[in-house]
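Have a look at the structure below, then the notes.
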2 protein chains.
Amino acid sequence: MAKATIDDVAALAGVSMKTVSRVVNKEPNVRASTRDKVQAAIAELEYRPSQSARSLAANRSYVLGLLYDNPSANYVIDVQEGALETCRRAGYDLLIHPCRHDEPSLASEVLSLVRQSRVDGLILTPPLSDIAELVEGLVAAQVPFVRLSPTENKQACPYVQTNDQEAAYDMTCQLIELGHERIGFIAGHPDHKAVAERFKGYRAALKESRIKLDKSLVVQGYNSFESGRAGAAQLLALESRPTAIFASNDDMAAGVIIEAHHRGIAIPRELSVAGFDDTPVAHQIFPSLTTVSQPIADMASKATELLIKQLKGKAVQMPAAIMSCRILVRESTGKLGK
Amino acid sequence: MAKATIDDVAALAGVSMKTVSRVVNKEPNVRASTRDKVQAAIAELEYRPSQSARSLAANRSYVLGLLYDNPSANYVIDVQEGALETCRRAGYDLLIHPCRHDEPSLASEVLSLVRQSRVDGLILTPPLSDIAELVEGLVAAQVPFVRLSPTENKQACPYVQTNDQEAAYDMTCQLIELGHERIGFIAGHPDHKAVAERFKGYRAALKESRIKLDKSLVVQGYNSFESGRAGAAQLLALESRPTAIFASNDDMAAGVIIEAHHRGIAIPRELSVAGFDDTPVAHQIFPSLTTVSQPIADMASKATELLIKQLKGKAVQMPAAIMSCRILVRESTGKLGK
DNA sequence: AAGCAAACTGACAGCGCTGTCAGCATAGCG
DNA sequence: CGCTATGCTGACAGCGCTGTCAGTTTGCTT
C-alpha cells in the first residue's frame, strides 16, 4: 500500500484537501459530522501527514532543538526526558545537539540549525545558558528559545531555574547545626555558573552563623569526580582539617568520599560529606550521600512548555519559573564522633 | 535580511537553481569554476538550504531516529554521542525517541515516525533490538534500520555488537584463576537479552574449569542497583557463601558492594566483586570495581555508519561489526585473604 | 575539420501540505 | 421575506527544493 496523501483522504471522505487539513490541525469551524467523516477516512487509510510538506508550507518544523554541553549523563538524560514529555503532548519532536561552550563558532553553528528550518525553537541548558554571545545571537536573530538555570541576562528569554543557592544555604546551615564549624567547600566549574554560584549559598550561611570564611577551606573544583578527589586531598591534608566537606555536585562529593576512604577517615564519624544533584552515585556509594535533589525533568518539561507557548505566539505571561530543591539527608553527614 | 533561497543564490552566481543544488549536494559534473562562483554566492548570502523543502522534494529528511528504552543514562548518552558523531560528518541530524519495550503499540508508534517522513532510518538499542514485533514490523515496512547488540534474528538488518559473552567468560576465568570456586552470579534483566546472555559466558567458563554450576549461586537480577543489592543479600546469606560475585552490570555490582559493606564483609579480602559496563560508578565507588568496558560510542558510531550506507542504497557488504570489550581490573577483585 | 562521446547546465514539473480568499449555506433579525 | 452575520467549505497558489530530461558545450578521435 502506497503512502496515503491528504488528497487520498479528501477523496475518500468526499471533502476538499483543505478540510482534511483543518481536521488534522484541529482548527475550529468544521462541522462535527464532517470531522467524523474525515477522521474515519484518516483511520482507514492510516494517513500520516508528511512533516516535510507541512514544514515547508507552514514554515515551521514542529521540532525543537536541545542544546547541551554537559558532561553529566544523568543531567542530560533527565532534561531530555522532561523535554520529550512536553514535546509528545504538544506534537513536537526533539533534536539533540550537543556542543562545546568554548567553541568560538558556537553561535553561528546554532544559528545554522535554525536557518535551515530544522528547528522552531531551542532549549539551552547550563553552561550554555550563560554563554552571552550565544544568547545575544539568538535574541538578535529573533529565534525563540528558553534557558534552564541561567544566572545572567535573565530578561533575554523565558527561563526556568531552581532555588539552588538557597538549598546550598540550607545544606550549609544543617552542617553547622550538626556542630561543624570548619566546613570545607569544593566549588563548581567556573564556566558552569549555575553550579559555581552555589558557593554563594555556602558563604551566606557561614556569614549568618558568624563563622569566618576561611579561604583555605574553599578549593576550586571542576565538577568532575577527579577534581573532587583532588580537592579533598588538599583539604584533608590541612593541619587543621575540616570536619565536613560540602561539594558543589555529587561527582565531586563521591571523590571526597573515596579520598577519605583511602586516608582511613571514617564518614561521618570523622568527616561529614554533602553533595548536590542526587545523581545515582549518591545512593550507590558507601556511605550513601547527603545531597540536594533538583527536579531536573520537571524543569525541562516546564521550560519546553514555555517555549511552545512562545512559538504559538502567546505572550508568555510568566516568563520564569522557579522550582524547589529538596535536601536528602543520608548516611554521609552527622555529628562529629557519631 | 530575509532568508536567502536557492533562487537568490542562483541569481547572484549567474547560474540556474539546479546548479546551485548540485553544488550544495556535492553532485559530480560541475565545473570547478562554476562551483567556486556558486560557493562564493552561498557564502555572501549566508545561504542555508531549507531542510523541509529538500525533504519534501527528495523524499528524505536527513534525520535519523534513535530508539531506546534503557534506564541507564550513561549507556544512552554514549550511544547518542557515537551516533551524533557519524551524523555530523554525514550531514544528518538525530531525533531521539525513548519508548517502552513492553508497550503493545510500540511498533505502530515507531512506524508512524517513519510514515510521517520524520526520519529516514532508525537505530535500535537494547532491549529494543530484540523486540521481535518491532523488528518484523520494520522489515515488513521496509524501513532501513540498524541494531545494537541484537541476540536474535540477526539477518534482519545490519547490526553491531560486542564480544561480551566472551568477556564474561574471560572475567569468570580470571576469578577462577584467583582461586575462586564458589562464584555467585547475578543475571541481567530477562527482557534485556544482551545483558541476560552474559550468563552464557559465566556458565561456559565454569564448565571449562569443571566447576559444577551451583544454581543457588545464580540469582535473577533486573539490571538495577536495588536488584543487585537484593541479589547480594541472598547470596551472602547462604550458609556457604560465595567468595566472589560477578554481576551482569555495574549498577548491580555496586549494589553488591554496598550490601557487603553493610554486612561488614571486606572487599576483596573476603569477597571479590566484578561488574560489567564500566559506568562512572565503577571508579567512583570504594573499592573501585573490576569490570568490562564496552566501546559503546564506537558501536553506535559504526552502527550509524552502516545505516547511512544503507540509506545511500549501497549494499552493506559487511552488515555486522563485532567490537571488542576490555576487562579492567581494579580493586574489587583479588585472591582470598589478600 | 568533422564527428561523437562525455561533461556540464538549465527548464520545468511537482513533492504534500497550508494560507488566503472567495463562495455558499444557515441562522438570526427587523 | 429580505438582509446581514456567522459558520463552514473549497479552489488555488506557492512554500523551496530535487529529479528528469533535454540541450549545450567541451574534449577527444580519426
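Residue numbering restarts at 1 for every chain, and letters A, B, ... go by the order of the sequence lines. All values below come from the heavy atoms of this structure, side chains included, with hydrogens, waters and symmetry mates left out.
As rounded to whole Å, 15 Å separates atom P of C:dG16 from atom CD of B:Gln116. Regarding A:Asn59, its CG atom lies at a distance of 11 Å from the P atom of D:dC15, rounded to whole Å. One atom, CG of A:Leu45, and another, P of C:dG16, lie 14 Å apart when rounded to the nearest Å. One can place CZ of B:Arg118 at 17 Å from P of C:dG16, the figure rounded to the nearest angstrom. Taking atom NZ of residue A:Lys3 and atom C1' of nucleotide C:dC15, one finds them 11 Å apart after rounding to whole Å. Remark: P of C:dC17 and OH of A:Tyr62 are 12 Å apart, rounded to the nearest angstrom. For the pair A:Lys18 NZ and C:dC17 P, the interatomic distance rounds to 12 Å; values are reported in whole Å. Atom CD1 of B:Ile42 and atom P of D:dG16 are 16 Å apart (whole Å).
Taking side-chain N and O atoms only, A:Asn25 has a distance below 4.0 Å to OP1 or OP2 of C:dT18. Between B:Thr34 and C:dT9 there is a side-chain N or O to OP1 or OP2 distance below 4.0 Å. Between A:Ser21 and C:dT18 there is a side-chain polar atom (N or O) within less than 4.0 angstrom of OP1 or OP2. OP1 and OP2 of C:dG16 both lie 4.0 Å or more from every side-chain N or O belonging to A:Ser52. Residue A:Thr19 has a polar side-chain atom (N or O) positioned under 4.0 Å from OP1 or OP2 of D:dG10. Between B:Arg60 and D:dG19 there is a side-chain polar atom (N or O) within less than 4.0 angstrom of OP1 or OP2. Neither OP1 nor OP2 of C:dA7 sits under 4.0 Å from any side-chain N or O of B:Asn29. OP1 or OP2 of C:dG16 has not a single side-chain nitrogen or oxygen of A:Ser50 nearer than 4.0 Å.
Residue-environment remark: CZ (B:Arg89) exceeds the threshold of 12 foreign heavy atoms within 6.0 Å.
Using bins of under 30°, 30° to 60° and over 60° for the plane-to-plane angle, the ring pair A:His189/A:His101 lands in the perpendicular bin.
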side-chain hydrogen bond (donor to acceptor under 3.5 Å, both in side chains) between B:Arg48 and A:Gln116, worked out: CA-CA 5 Å; B:Arg48 297 286 176 283; A:Gln116 290 177 100; over 6 Å; no

Trace of the side chain to side chain contact (heavy atoms under 4.5 Å, CB included) decision for A:Ser55 with A:Arg60: CA-CA 5 Å; A:Ser55 302; A:Arg60 39 208 165 104; over 6 Å; no

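In this structure, a donor-acceptor pair under 3.5 Å is present between the side chains of A:Thr86 and A:Ser301. Counted by atom type alone, A:Gln161 and A:Ser149 present zero donor-acceptor pairs between their side chains at under 3.5 Å. With hydrogens and angles left out, the side-chain atoms of A:Asn29 and A:Glu27 include no donor and acceptor closer than 3.5 Å. Using a 3.5 Å distance cut-off with no hydrogens or angles, the side chains of A:Ser117 and B:Lys3 do pair a donor with an acceptor.
Comparing D:dT18, C:dA11, C:dT18 by their closest approach to the side chain of B:Arg54 singles out D:dT18.
A residue-by-residue look at B:Val15 and A:Arg31 shows that B:Val15 has its nearest nucleotide of DNA chain C further toward the 5' end. Comparing A:Ala58 and B:Leu56, the nucleotide of DNA chain C nearest to each residue sits closer to the 5' end for B:Leu56. Nucleotides of DNA chain D nearest to A:Met17 and A:Val30 differ in position, and the one nearer the 5' end is that of A:Val30.
For D:dG10, the base has a donor-acceptor partner in the side chain of A:Arg22 [N/O atoms by modelled type, under 3.5 angstrom].
Across all strands, A:Pro28 comes closer than 4.0 Å to no nucleic acid atom at all (heavy-atom distances).
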DNA chain C base-pair string [pairs: Watson-Crick or G-U under 3.5 Å; |: paired with another strand]: ||||||||||||||||||||||||||||||

